[in-house]
Amino acid sequence: NPSDLLPQQRLVHSVALLAAALLGLGVVMWIAANWQVMGRVGQFALLQGLVLATGLGAAFLLPARVALGLLCLLGVGALLAYFGQTYQTGADPWQLFALWAALTLPLCWATRSDVLWAPWALVAATAIALWAYALGGQRWSTSAAQVPLHLMAWSASFALSVGLSPALARYTGAGLWSFRLAAMLVVMAVATTAIGALLKSPPAPQYPLGLLVLALGLGVLSVPKWWDVFAASAIVLGVNVLLIAGLVRWLFDDTSGDWVGRALLIGLVAAGLLAASVSLLMRLSRRSVGAAA
């Protein structure tokens, strides 16, 4: 884990990752420059060779395992994307992302580094979002009939963040940043869906359900062993945004009246929510630190 390394080791680790990124960029540029002169067989062989070489390198070259693992993860995605574009299999995009996440999960487990877990979390979250989009009739909708679908998508996203949490780090090797990225993606998924539901007339059930889901998430994080101030702050921000959006919808549903006074009221409520949120986060943080001590 990079957080456990000495400063000199962190420097070497960072340089190796930068070298892997530059090498990957160089390979991409070289492929782009010579793409037209290679046949389909050559193009597939090149992408497959990249995945095979980096995968074997990650397995046997311990000092370069993380850097080569990252290249392998990206190479698998490139290979699946090219396969989908070449043969037009008819598979939904979420299936390719889900396959990408499934194929690279053992690689992330073996590498036990946030450098791979963080992009893997993004791939998995994208698969969940595209799955909800496909089952929703190939459109982003927040009708009452789609409540079960959104609850399943939120549950899958929540399970993703739990799997990458510090409480399970000894099994996965995932660090704080992959967990924080997954938590932020959950908040974004829930909040955007709830905002879409709020814009309906009348508002769809996903709005109050979104508030409830975020409140439950904050309740889970308030347990000391699950506590993370970054994830808790993201959830509190999502709750505040939804509450203010609901207040705006309620106040401006009727276009008549004093809009300046309404705007002032919204500002005062937002300031009050901010103060209450900071106080709550500080109290939970102190309690978590006290429990850990």
ask   = Partners of Tyr207 by ring pair (Phe, Tyr, Trp, His ring centres under 6.0 Å), sequence neighbours excluded?
value = none
Closest non-hydrogen atom pair, Phe252 against Ala263 = CZ-N, 4.4 Å
Polar side-chain atom of Gln146 near backbone of Gly136 as donor-acceptor pair, under 3.5 Å = yes
Residues in side-chain contact (heavy atoms from CB on, under 4.5 Å) contact with Thr192, at least two apart in sequence or another chain = none
Ser288 (side chain) donor-acceptor with Ser285 (main chain) under 3.5 angstrom = no
ask   = Who else is in the cluster with Met188 when I, L, V, M, F, W and Y are joined by side-chain contacts under 4.5 Å?
value = Leu122, Leu181, Met184, Leu185
ask   = Are any side-chain N or O atoms of Ser279 and backbone N or O atoms of Ala275, one a donor and one an acceptor, separated by less than 3.5 Å?
value = no
ask   = Once you round to the nearest 0.5 Å, how far does CG of Leu198 lie from CG of Leu211?
value = 9.0 Å
message = Side-chain heavy atoms nearer than 4.5 Å, only ILVMFWY residues, links allowed to pass through others: does that put Leu151 and Leu214 together?
response = yes
query = Residues in side-chain contact (heavy atoms from CB on, under 4.5 Å) with Ala144, at least two apart?
reply = Pro205
message = Both conditions, 6.0 Å and 45 degrees, for the charged tip of Arg180 above the ring of Trp177: are they met here?
response = yes
request  = Please answer: with hydrophobic residues joined when any side-chain heavy atoms are less than 4.5 Å apart, are Leu242 and Leu199 in the same cluster?
outcome  = no
Side-chain donor-acceptor pairs of residues 54-75 under 3.5 Å, sequence neighbours excluded:
{"unit_1": "Thr54", "atom_1": "OG1", "unit_2": "Leu50", "atom_2": "O", "d": "2.7"}
{"unit_1": "Thr54", "atom_1": "OG1", "unit_2": "Val51", "atom_2": "O", "d": "3.2"}
{"unit_1": "Arg65", "atom_1": "NE", "unit_2": "Ala58", "atom_2": "O", "d": "2.8"}
{"unit_1": "Arg65", "atom_1": "NH2", "unit_2": "Ala59", "atom_2": "O", "d": "3.1"}

key: For Pro166, side-chain contact (heavy atoms from CB on, under 4.5 Å) partners two or more places apart   = Leu176, Phe179
request  = Mind checking the OG1-CG spacing from Thr142 to Leu209? Nearest 0.5 Å is all I need.
outcome  = 12.0 Å
key: Pairwise salt bridge (Lys or Arg N to Asp or Glu O under 4.0 Å) hits with a residue in residues 162-179, at least two apart   = none
task = State whether the side chain of Ser165 and the backbone N or O of Val162 hold a donor-acceptor pair below 3.5 Å, judged by distance alone.
result = yes
message = Quick one, Trp100 with Thr126, criterion side-chain contact (heavy atoms from CB on, under 4.5 Å). Give me CA distance, side-chain angles, the key distance, then yes/no.
response = CA-CA 11 Å; Trp100 185 4; Thr126 303; over 6 Å; no
task = Please identify each residue that fulfils side-chain hydrogen bond (donor to acceptor under 3.5 Å, both in side chains) with Ser277, with sequence neighbours left out.
result = Asn240
Validation row: Leu99, Leu80 side chains within 4.5 angstrom (heavy atoms) = yes
task = Specify the closest pair of heavy atoms between Ala197 and Gln206, including all atoms of both residues, with the distance to one decimal.
result = CB-CB, 3.6 Å
inquiry  = I'd like to know if Leu247 and Leu243 are part of one continuous hydrophobic network [Ile/Leu/Val/Met/Phe/Trp/Tyr, side-chain heavy atoms within less than 4.5 Å].
reply    = yes
request  = Enter the distance from Ile128:CD1 to Trp94:CH2 here, rounded to the nearest 0.5 Å.
outcome  = 10.5 Å
message = Just to verify, what does Ser178 make a side-chain hydrogen bond (donor to acceptor under 3.5 Å, both in side chains) with, not counting sequence neighbours?
response = Asp114
task = List the steps and the verdict of side-chain contact (heavy atoms from CB on, under 4.5 Å) for Leu130 and Asp92.
result = CA-CA 8 Å; Leu130 292 176; Asp92 285 324; over 6 Å; no
ask   = Is the number of heavy atoms from other residues, nucleotides or ligands under 6.0 Å of Met152 CE greater than 12?
value = yes
message = Any non-hydrogen side-chain atom of Thr111 less than 4.5 Å from a side-chain atom of Trp120?
response = no
key: Connected via hydrophobic side-chain network under 4.5 Å: Leu274 and Val269   = no
request  = Under 4.5 Å between side-chain heavy atoms, chaining through other members, with only Ile, Leu, Val, Met, Phe, Trp and Tyr counted: pull out the rest of the cluster around Leu264, sorted by chain and number.
outcome  = Leu268
key: Shared hydrophobic cluster for Val229 and Val236 (ILVMFWY, side-chain gaps under 4.5 Å)   = yes
ask   = Residues two or more places apart in sequence or in another chain: which of them pass side-chain contact (heavy atoms from CB on, under 4.5 Å) with Ala232?
value = Leu218, Leu221, Trp227, Leu281
note = What one should report as the nearest heavy-atom pair of Trp109 and Thr172 is NE1-CA, 3.5 Å
inquiry  = Please give me the minimum heavy-atom distance between Leu251 and Arg262, naming the atom from each residue.
reply    = O-NH1, 2.8 Å
key: With Arg283 via side-chain hydrogen bond (donor to acceptor under 3.5 Å, both in side chains) - residues at least two apart   = none
query = Is the closest side-chain heavy-atom distance between Trp117 and Leu105 below 4.5 Å?
reply = yes
query = Where does the angle between the aromatic ring planes of Trp154 and His150 fall among parallel (under 30°), tilted (30 to 60°) and perpendicular (over 60°)?
reply = parallel
ask   = What are the two closest heavy atoms between Ala231 and Ala183, and how far apart are they?
value = CB-CB, 3.8 Å
query = Which atoms form the tightest heavy-atom contact between Ala182 and Ser161, and what is the distance?
reply = CB-CA, 3.8 Å
